[in-house]
Amino acid sequence: DAGVIQSPRHEVTEMGQEVTLRCKPISGHNSLFWYRQTMMRGLELLIYFNNNVPIDDSGMPEDRFSAKMPNASFSTLKIQPSEPRDSAVYFCASSSAGGPVDTQYFGPGTRLTVL
Amino acid sequence: AQSVAQPEDQVNVAEGNPLTVKCTYSVSGNPYLFWYVQYPNRGLQFLLKYITGDNLVKGSYGFEAEFNKSQTSFHLKKPSALVSDSALYFCAVRIGDTDKLIFGTGTRLQVFP
């Protein structure tokens with residue numbers, strides 16, 4: 001089975017530009033998570049969805065960040081406008097509700113650099 | 001407040017020696033604990049988890065973890081380290097009845113030949 005797929009793997013953009021990160025969860029998984037990893041703050045949960053519905057977006061840094069999950073096989077994280085401090089590795093993870101405590105499986109990440 | 005701590009930024013061990021990567025937690029209710037490993041320029045890979053039952057949990061790549069309720073610890077162990085085990089290791093705890101995980105700050109394991 002294919003794991004979590006993220007695109008692009010690397011993104012370099014200039015401050016003020018719009019950035020869209022994409023994620024395809026593992027087929028059959030019904031929960032999806034967006035994380036950000038930086039040296040300073042470690043691994044932070046930004047938002048997560050269950051059955052395509054946003055459940056908790058308390059980790060989204062500010063209004064410049066938005067996430068959508070239009071269907072069970074696709075999600076986007078958008079930053080508009082981007083700023084240098086958004087430079088980080090963004091991970092998507094998915095899990096299924098098949099047991100009492102679900103395991104999250106991570107994608108390879110998107111390394112974002114905002115100049 | 002629920003939290004997880006990894007007290008060591010880096011652990012160095014010689015190949016063939018046993019290794020331990022430490023993790024302590026603070027949760028209300030039953031603790032659900034995870035270990036993940038991250039290799040350079042890769043995503044996090046699941047190693048093992050504790051839900052309930054046997055305090056010794058076996059996982060991938062020969063790793064195991066020991067749950068100790070009285071010490072609120074969940075240390076990762078391996079009897080004989082390999083150079084290829086060198087990576088960043090994260091402990092995580094589930095928050096309450098949600099699907100959210102809190103991750104520790106990570107411990108870099110360096111195995112020397």
Side-chain angles (χ1 to χ4, degrees), chain A residues 2-7 9-10 21 23-26 29-51 53-60 88-113, chain B residues 1-10 23 25 27 29-54 57-61 63 65 67 74 87-108:
Chain A
V4 175
I5 298 173
Q6 292 188 246
S7 65
R9 292 294 310 276
H10 301 273
L21 311 181
C23 175
K24 177 179 171 58
I26 294 172
H29 282 191
N30 62 346
S31 292
L32 184 141
F33 306 79
W34 281 102
Y35 289 88
R36 178 172 67 176
Q37 186 179 36
T38 61
M39 289 293 291
M40 291 297 294
R41 299 175 68 89
L43 199 61
E44 305 173 276
L45 176 66
L46 300 177
I47 184 171
Y48 81 95
F49 297 82
N50 187 259
N51 293 322
V53 176
I55 302 299
D56 188 333
D57 65 355
S58 59
M60 295 286 261
V89 181
Y90 290 81
F91 290 105
C92 176
S94 70
S95 67
S96 70
V101 181
D102 310 317
T103 298
Q104 295 182 24
Y105 294 91
F106 283 72
T110 296
R111 182 174 296 276
L112 173 66
T113 302
Chain B
Q2 306 192 78
S3 63
V4 62
Q6 294 181 243
E8 301 158 317
D9 289 337
Q10 180 153 332
C23 173
Y25 65 90
V27 299
N30 294 322
Y32 300 121
L33 299 152
F34 300 77
W35 275 102
Y36 285 83
V37 59
Q38 185 178 29
Y39 296 99
N41 300 313
R42 303 283 295 275
L44 277 71
Q45 295 180 31
F46 170 72
L47 282 177
L48 50 83
K49 67 182 177 184
Y50 172 82
I51 302 175
T52 187
D54 195 348
V57 180
K58 294 188 180 300
S60 306
Y61 313 122
F63 284 93
F67 172 70
F74 188 56
L88 190 57
Y89 290 80
F90 290 94
C91 181
V93 64
R94 195 182 82 162
I95 302 174
D97 292 330
T98 75
D99 291 325
K100 295 171 62 172
L101 296 179
I102 295 177
F103 284 85
T105 51
T107 298
R108 186 165 300 281

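Letters go in sequence order (proteins before strands), and every chain restarts at 1.
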Participant: What residue, out of A:Pro108, A:Gly109, A:Cys92, A:Ala93, has the most heavy-atom pairs lying under 4.5 Å from chain B?
Facilitator: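 Answer, by heavy-atom pair count under 4.5 Å with chain B: A:Pro108.
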Participant: Side-chain donor-acceptor pairs under 3.5 Å in residues 40-50 of chain B, sequence neighbours left out?
Facilitator:
from, atom 1, to, atom 2, distance (Å)
B:Gln45, OE1, B:Tyr61, OH, 3.2
B:Lys49, NZ, A:Val101, O, 2.7
B:Lys49, NZ, A:Thr103, OG1, 2.9

Participant: Does any part of the side chain of B:Leu101, heavy atoms only, come nearer than 4.5 Å to the side chain of A:Tyr48, both counted from C-beta?
Facilitator: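 No, every pair of side-chain atoms sits at 4.5 Å or beyond.
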Participant: Would you say the side chain of A:Phe91 lies within less than 4.5 Å of the side chain of B:Gln38, judging by non-hydrogen atoms?
Facilitator: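 Yes - at least one pair of side-chain heavy atoms lies under 4.5 Å apart.
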Participant: CD of A:Gln104 to CZ of B:Phe103: how many Å apart, nearest 0.5 Å?
Facilitator: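 The CD atom of A:Gln104 sits 6.0 Å away from the CZ atom of B:Phe103.
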Participant: Find the distance between CG (A:Asn50) and OG1 (B:Thr98) and round it off to the nearest 0.5 Å.
Facilitator: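 It is 11.0 Å, given to the nearest 0.5 Å.
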Participant: First locate atom OG1 of B:Thr105, then atom CZ of A:Arg41, and finally report the distance between them rounded to the nearest 0.5 Å.
Facilitator: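 CZ of A:Arg41 is found 14.0 Å from OG1 of B:Thr105.
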Participant: How would you list, by chain and number, every residue that makes a side chain to side chain contact (heavy atoms under 4.5 Å, CB included) with A:Ser58, sequence neighbours excluded?
Facilitator: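 If we apply the side chain to side chain contact (heavy atoms under 4.5 Å, CB included) test to A:Ser58, skipping adjacent residues, the hits are A:Asp56, B:Lys100.
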Participant: Calculate, to the nearest 0.5 Å, the distance between atoms CG and CD1 belonging to A:Asp102 and B:Ile51 respectively.
Facilitator: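 If I round to the nearest 0.5 Å, the distance is 8.5 Å.
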